[in-house]
Amino acid sequence: MADSKAMVTREADFSAWYNEVIQRAELADYSPVRGCMVIRPNGYAIWEQMQRALDDMFKATGHQNAYFPLFIPQSFLAREAEHVEGFAPETAVVTHGGGKELEEPLVVRPTSETIIYAMYAKWIQSYRDLPLLINQWANVVRWEMRTRLFLRTTEFLWQEGHTAHASEAEAEEETLMILGLYRKFAEEWMAMPVLTGRKTDSEKFAGALRTYAIEALMQDNRALQAGTSHNLGQNFARAFDVTYQTAEGTLDHVWNTSWGVSTRLVGALIMTHSDDSGLVCPPRLAQWQVVIVPIWKTDEDRAAVHQAGTDVMNELRHAGIRTHLDAREGLKPGAKYFEWEARGVPLRLEIGPRDVAAGSVMLARRTGGKKEPISLVGLPKRIQAEIDTMQQALLDAARERRDAATVRGISKDEFIARMAGAGGFVFGGFCGSAACEAEIKEQTKATIRVLPDPEFRSPEPPARCMWCDAPSVAEAVWAKAY
RNA sequence: CGGGGUGUGGCGCAGUCCGGUAGCGCGCCUGCUUUGGGAGCAGGAGGUCCCGGGUUCGAAUCCCGGCGCCCCGACCA
């Protein structure tokens with residue numbers, strides 16, 4: 001790599017460590033444009049795996065992909081009061097085109113509700129047109145003050161689903177179905193445990209009736225919102241006049257939902273699993289699940305191990321395992337080991353003359369443990385089992401870490417001390433007052449991440465507000481967040 | 001925009017206090033020898049020292065004015 005060979009540790013400087021993991025794994029780089037990043041092939045490959053898995057899930061639940069324009073007439077943004085208040089300060093605006101000043105400035109989309117619902121108004125006439133279930137994969141731009149690779153960049157990639165329904169109940173069902181789908185993706189693909197729940201009014205999407213989110217806890221015990229699903233009610237339908245005729249012949253506004261996850265998930269993946277040797281990528285999302293490193297001394301050996309390596313690669317690929325043979329010359333095996341570790345490849349197979357003679361390969365796991373020789377007989381099955389085991393082990397480890405950093409029912413003073421120190425998730429009673437919520441944020445930097453869904457709540461509902469001691473109206477989860 | 005820091009080959013830095021014409025490590029290129037945990041030797045390429053102005057015989061270094069980037073805050077997926 002660029003400088004000295006030892007990495008900054010998480011312990012020493014988590015933020016520097018995060019940047020170094022990204023640089024060493026060649027996931028992304030800073031661009032000439034402030035706040036924007038270049039997603040390099042290794043990083044984009046992870047995003048592509050994420051896209052594939054999510055897209056399959058969207059399609060399996062009846063959604064179709066479409067594409068809407070990057071530019072939105074500025075006036076569109078203003079049609080929904082809360083929405084414009086929320087997004088106007090962070091938009092990029094195009095005022096000139098073709099050398100002339102535009103009659104109406106164009107906003108570079110920070111999100112696409114407005115232009116999509118303007119179109120829905122044209123497309124939806126009858127209850128027979130509902131539900132309309134559309135997703136788009138796109139880039140959006142938000143002029144953030146401070147940016148960080150993957151976590152918050154001026155331009156980012158995401159998917160945004162936008163649906164229209166005939167009733168509030170249907171819209172709510174869709175909103176929650178997607179929340180569950182995001183949770184499933186986070187846990188089963190990213191091996192990242194999440195809390196699900198509702199956002200408070202101060203944290204909800206600008207223009208939504210209700211916002212739900214999945215929240216994860218990073219290794220530095222700061223929370224990260226990993227995905228959101230909004231029930232928009234009829235707010236946008238009213239603003240864009242999206243109406244339909246009911247079976248009874250009356251006219252009604254549709255009920256909308258919108259939901260999204262972004263390239264932030266790549267940052268979440270990094271901060272959930274990686275270690276002081278570099279990226280650790282869950283096998284299901286890894287560009288390469290297995291890398292084969294041949295080892296040789298003589299030309300004879302070289303030919304033999306390359307043949308063996310190629311055979312193994314073909315056999316594994318045939319079994320659907322993403323496998324790469326690192327046949328580069330002029331690099332010692334150890335150098336390759338370090339490089340592939342930094343890039344997070346889950347499994348490494350070393351093949352040298354001794355292994356060829358023994359009909360085996362040496363298996364090393366990115367997550368540690370002893371190297372061990374394994375037989376070439378039945379190799380794909382064995383490797384698939386290793387992949388499945390590692391995928392599960394990563395989720396288990398991440399959940400254990402999160403749970404260890406979660407406390408319930410502590411006092412105000414303990415809360416203050418905890419937010420100043422260890423961090424993590426804190427469950428406690430909440431009085432429901434926005435003023436109280438704001439005061440907590442001001443004094444401790446902690447925010448309510450979610451009002452958790454029933455399965456995450458404490459067995460005994462808290463009786464009083466953790467902060468002000470007024471009667472509690474809901475249990476809340478606080479954390480310092482990214 | 002407020003506070004702090006920093007701009008020197010691709011990357012990380014030294015040199016700046018005390019002015020004398022740019023150096024180290026890593027990386028890169030070529031060749032030979034190497035290859036079971038970051039190879040060795042030899043040769044080589046690569047720099048408007050952030051920009052502009054000033055002082056001086058002479059500026060990476062001193063002075064003035066800009067700009068960029070990073071960290072901490074306010075905003076956020």
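The sequence lines fix the lettering, A, B, ..., with proteins before strands; numbering per chain opens at 1.
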Check the distance between [N]'s [atom2] and [X]'s [atom1] and give it to me in whole angstrom.
| X | N | atom1 | atom2 | answer |
| --- | --- | --- | --- | --- |
| A:Phe14 | B:rC71 | CZ | P | 14 Å |
| A:Ile22 | B:rC70 | CD1 | P | 13 Å |
| A:Trp17 | B:rC70 | CH2 | C1' | 19 Å |
| A:Leu331 | B:rA39 | CG | P | 8 Å |
| A:Phe338 | B:rA39 | CZ | C1' | 13 Å |
| A:Glu329 | B:rU30 | CD | C1' | 16 Å |
| A:Tyr18 | B:rC70 | OH | P | 14 Å |
| A:Glu339 | B:rG27 | CD | C1' | 12 Å |

List the residues meeting side chain to side chain contact (heavy atoms under 4.5 Å, CB included) with [X], not counting sequence neighbours, and say none if there are none.
| X | value |
| --- | --- |
| A:Lys59 | A:Asp55, A:Asn65 |
| A:Thr367 | A:Val280, A:Arg365, A:Met390, A:Leu394 |
| A:Ala420 | none |
| A:Glu439 | A:Gln443, A:Trp467 |

Quick one: which residue pairs count as a ring pair (Phe, Tyr, Trp, His ring centres under 6.0 Å) with a foot in residues 270-304 of chain A, not counting sequence neighbours?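 Every ring pair (Phe, Tyr, Trp, His ring centres under 6.0 Å) pair that includes a residue of residues 270-304 of chain A, provided the two are not neighbours, is A:Trp288-A:His324, A:Trp296-A:His306.
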Which residue, A:Ser15 or A:Glu155, contacts RNA chain B at a nucleotide closer to its 5' end, judged by nearest heavy atom?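 So the residue in question is A:Ser15.
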Taking 4.0 Å as the cut-off, does a side-chain nitrogen or oxygen of A:Lys445 come that near to OP1 or OP2 on B:rA74? yes
Any A:Lys332 side-chain nitrogen or oxygen under 4.0 Å from OP1 or OP2 of B:rG37: no
Please work out if [X] contacts a base, only the sugar-phosphate, or nothing of the nucleic acid, heavy-atom cut-off 4.0 Å.
| X | value |
| --- | --- |
| A:Gln225 | sugar-phosphate |
| A:Glu341 | base |
| A:Thr153 | base |
| A:Leu265 | nothing |
| A:Thr228 | nothing |
| A:Leu224 | nothing |

Does anything in residues 344-362 of chain A come within less than 4.0 Å of RNA chain B? Heavy atoms only, and list the residues if so.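 Under 4.0 Å from RNA chain B: A:Arg348, A:Glu350, A:Gly352, A:Pro353, A:Arg354, A:Asp355, A:Met362.
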Within residues 287-311 of chain A, which residues have any heavy atom lying less than 4.0 Å from an atom of RNA chain B? A:Ile295, A:Trp296, A:Lys297
[N] and [M]: how far apart are their [atom1] atoms, nearest whole angstrom?
| N | M | atom1 | result |
| --- | --- | --- | --- |
| B:rU30 | B:rG38 | P | 23 Å |
| B:rG54 | B:rC13 | P | 32 Å |
| B:rC24 | B:rG9 | P | 15 Å |
| B:rG46 | B:rG52 | C1' | 27 Å |
| B:rA60 | B:rA22 | P | 9 Å |
| B:rC49 | B:rC71 | P | 27 Å |
| B:rG15 | B:rU33 | C1' | 37 Å |
| B:rA59 | B:rG53 | C1' | 13 Å |

Tell me, what's RNA chain B's dot-bracket, Watson-Crick or G-U with both distances under 3.5 Å, | for other-strand, [ ] crossing? ((((((((.[[[[.)....(..]]]].((((((.....)))))).....[[[[[..)....]]]]])))))))....
For [X], which residues count as a side chain to side chain donor-acceptor pair (under 3.5 Å) partner, sequence neighbours excluded?
| X | value |
| --- | --- |
| A:Trp189 | none |
| A:Glu329 | A:Arg302 |
| A:Arg40 | none |

Rounded distance (nearest 0.5 Å) linking atom CG of A:Asn221 with atom CZ of A:Phe425: 9.5 Å
Counting only distance, no hydrogens or angles, is the base of B:rG37 paired donor-acceptor with the side chain of A:Lys371 under 3.5 Å? yes
Over all atoms of both residues, closest heavy-atom pair of A:Ala66 and A:Ile134: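 For A:Ala66 and A:Ile134, the tightest heavy-atom pair comes out as CB-CG2, 3.7 Å.
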Closest non-hydrogen contact found for A:Pro294 with A:Ala327 is CG-CA, 4.4 Å
Give the B/S/- string for nucleotides 1-7 of chain B, one per nucleotide from 5' to 3', where a protein heavy atom under 4.0 Å of the base yields B, of only the sugar-phosphate yields S, and otherwise -. -------
Can you tell me if A:Tyr337 is stacked onto the base of B:rG37, using a 5.5 Å centroid cut-off and an angle below 30°? no
Is it true that A:Glu386 and A:Arg382 make a salt bridge, defined as a side-chain N closer than 4.0 Å to a carboxylate O? yes
Do A:Thr9 and A:Glu11 have a side chain donor and acceptor closer than 3.5 Å?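 Judged by distance alone, the side chains do not pair up.
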Find out whether A:Arg24 and A:Leu279 are in side-chain contact, i.e. whether some heavy atom of one side chain is under 4.5 Å from a heavy atom of the other. no
Residues A:His230, A:Thr211; criterion side chain to side chain donor-acceptor pair (under 3.5 Å); working and verdict: CA-CA 4 Å; A:His230 316 290; A:Thr211 289; 2.8 Å; yes
What's the verdict on side chain to side chain donor-acceptor pair (under 3.5 Å) for A:Thr298 and A:Glu300, showing C-alpha distance, side-chain angles and the deciding distance? CA-CA 5 Å; A:Thr298 65; A:Glu300 248 170 78; 5.5 Å; no
